[in-house]
Amino acid sequence: KEVSQQQKETELLLKEVSQQQKENAQQQKETDKQLKELGKQIGGLGAKFGSFTEGLALPSMETILRQRFGMEVISPSVRASKEGQHLEIDVLAYSNGELNTAYIVEVKSHVRQEDITQLKSILQRFRRFFPEHKDKKLYGILAAVDLSPELREKILQEGLYVAQIHDQVFELDIPDNFQPQTY
């Protein structure tokens with residue numbers, strides 16, 4: 001009798017455990033679904049914040065590119081595809097004629113080391129995507145909302161211009177003796 005009673009209790013416990021496992025699995029599915037949705041929302045927010053930062057930088061950068069560097073054409077958000085490869089440029093500015101120069105502006109809310117590498121890669125790949133600009137002098141500008149002094153120095157050492165936001169306006173932040181790298 002005692003063994004039979006223990007078997008019944010064990011079976012009841014197993015049923016409860018099985019039911020709990022089913023409930024846990026269902027809760028895990030719900031949690032996974034919520035996390036996936038949250039990931040999409042966060043990704044969307046990141047993209048929107050990037051677009052916001054680019055929009056914030058554009059008027060100031062347009063002024064700098066026209067007044068300081070004499071650029072005639074300024075195009076935000078330029079995308080090119082060639083042979084299955086893609087290139088995205090936050091701002092492309094160029095001038096033909098005597099100047100015959102182009103500037104690529106990469107806008108970042110918070111600059112990291114890989115952003116320097118990314119801009120240099122864009123500069124190096126630019127002529128393959130835009131052969132019509134192959135004879136132009138080409139320069140890079142990293143426009144940043146937040147930038148550590150160490151990274152600023154590294155960017156300048158790489159021969160890239162630095163622009164930082166000051167009083168809600170982006171301004172070039174380069175020393176008087178700065179010599180940009182042409183690409």
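In this chain, numbering begins with 1 at the start of the sequence shown.
- A donor-acceptor pair shorter than 3.5 Å can be found between the side chains of Ser77 and Arg79.
- Side-chain contact between Thr182 and Tyr139 is present, with heavy atoms from C-beta onward closer than 4.5 Å.
- Between the side chains of Gln28 and Asp32, a donor-acceptor pair is found at a separation under 3.5 Å.
- Residues Ile116 and Glu158 have side chains in contact (heavy-atom distance under 4.5 Å, counting atoms from C-beta outward).
- One distance of note links CD of Glu11 with CD of Glu9; it measures 11.0 Å at 0.5 Å rounding.
- Considering all non-hydrogen atoms of both residues, Gly70 and Ser95 come closest at O-OG, 2.9 Å.
- The main-chain N or O of Leu151 is found under 3.5 Å from a side-chain atom of Ser148 such that the two form a donor-acceptor pair.
- Distance alone, capped at 3.5 Å, is enough to place a donor-acceptor pair between the Arg66 side chain and the Glu72 backbone.
- The environment of CD in Glu23 is crowded: more than 12 heavy-atom neighbours from other residues, nucleotides or ligands sit within 6.0 Å.
- Among all heavy-atom pairs drawn from His133 and Phe126, the shortest one is CB-CE2, 3.7 Å.
- Nearest heavy atoms, Leu156 versus Pro175: CD1-CD, 3.7 Å.
- Atom OG of residue Ser60 and atom CG of residue Leu65 lie 10.5 Å apart, to the nearest 0.5 angstrom.
- In summary, the aromatic rings of Phe69 and Tyr94 are positioned with their centroids too far apart to meet the 6.0 Å limit.
- Note that OG1 of Thr63 and CD of Glu171 are 11.0 Å apart. Values are rounded to the nearest 0.5 Å.
- We find that Lys154 and Glu150 are not joined by a salt bridge, their nearest charged nitrogen and carboxylate oxygen being 4.0 Å or further apart.
- Side-chain contact check for Leu142 versus Leu160: every heavy-atom pair is 4.5 Å or farther apart.
- With rounding to the nearest 0.5 angstrom, the CD atom of Gln5 is 10.0 Å from the OG1 atom of Thr10.
- With a 4.5 Å cut-off on side-chain heavy atoms, Val91 and Ile104 do not count as touching.
- Side-chain atoms of Tyr183 and Lys120, non-hydrogen and from C-beta on, do get closer than 4.5 Å to each other.
- Closest heavy-atom contact between Ile141 and Ala163: CG2-CB, 4.2 Å.
- Under a 3.5 Å cut-off, the side chain of Arg127 and the backbone N or O of Lys136 do form a donor-acceptor pair.
- Taken to the nearest 0.5 Å, the CD1 atom of Ile64 stands 10.0 Å off from the CD1 atom of Ile74.
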task: List the steps, then state whether side chain to side chain contact (heavy atoms under 4.5 Å, CB included) holds for Val105 with Asp90.
output: CA-CA 6 Å; Val105 182; Asp90 291 341; 5.6 Å; no

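- For the pair Leu138/Phe130, no side-chain contact is recorded, criterion being any heavy-atom separation below 4.5 Å from C-beta on.
- In terms of heavy-atom proximity, Thr101 sits nearest to Met71 at O-SD, 3.7 Å.
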- request: For side chain to side chain contact (heavy atoms under 4.5 Å, CB included), just list the numbers for Leu172 and Arg68, CA-CA rounded to whole Å, side-chain angles, deciding distance to a tenth of an Å, and then say yes or no.
  value: CA-CA 10 Å; Leu172 282 181; Arg68 168 114 186 217; 3.4 Å; yes

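- Annotation: side chain of Thr31 is in contact with side chain of Leu35 (closest heavy-atom distance under 4.5 Å).
- With a 6.0 Å radius and a threshold of 12 heavy atoms from other residues, nucleotides or ligands, Glu98 has its CD atom at or below the threshold.
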query: Going through the distances and angles, do Leu123 and Ser121 end up as a side chain to side chain contact (heavy atoms under 4.5 Å, CB included)?
result: CA-CA 5 Å; Leu123 288 160; Ser121 170; over 6 Å; no

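- Nearest heavy atoms, Tyr161 versus Pro180: OH-CG, 3.3 Å.
- In summary, the side chains of Lys108 and Gln118 do present a donor paired with an acceptor at a separation below 3.5 Å, with no hydrogens or angles considered.
- Considering only heavy atoms from C-beta on, His110 stays 4.5 Å or farther from Val145 through its side chain.
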- prompt: Stepwise, does the side chain to side chain contact (heavy atoms under 4.5 Å, CB included) test hold for Glu106 with Asp115?
  reply: CA-CA 8 Å; Glu106 190 65 20; Asp115 298 324; 6.0 Å; no

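- Taken from CD in Gln85 to NZ in Lys82, the straight-line distance is 11.5 Å, to the nearest 0.5 Å.
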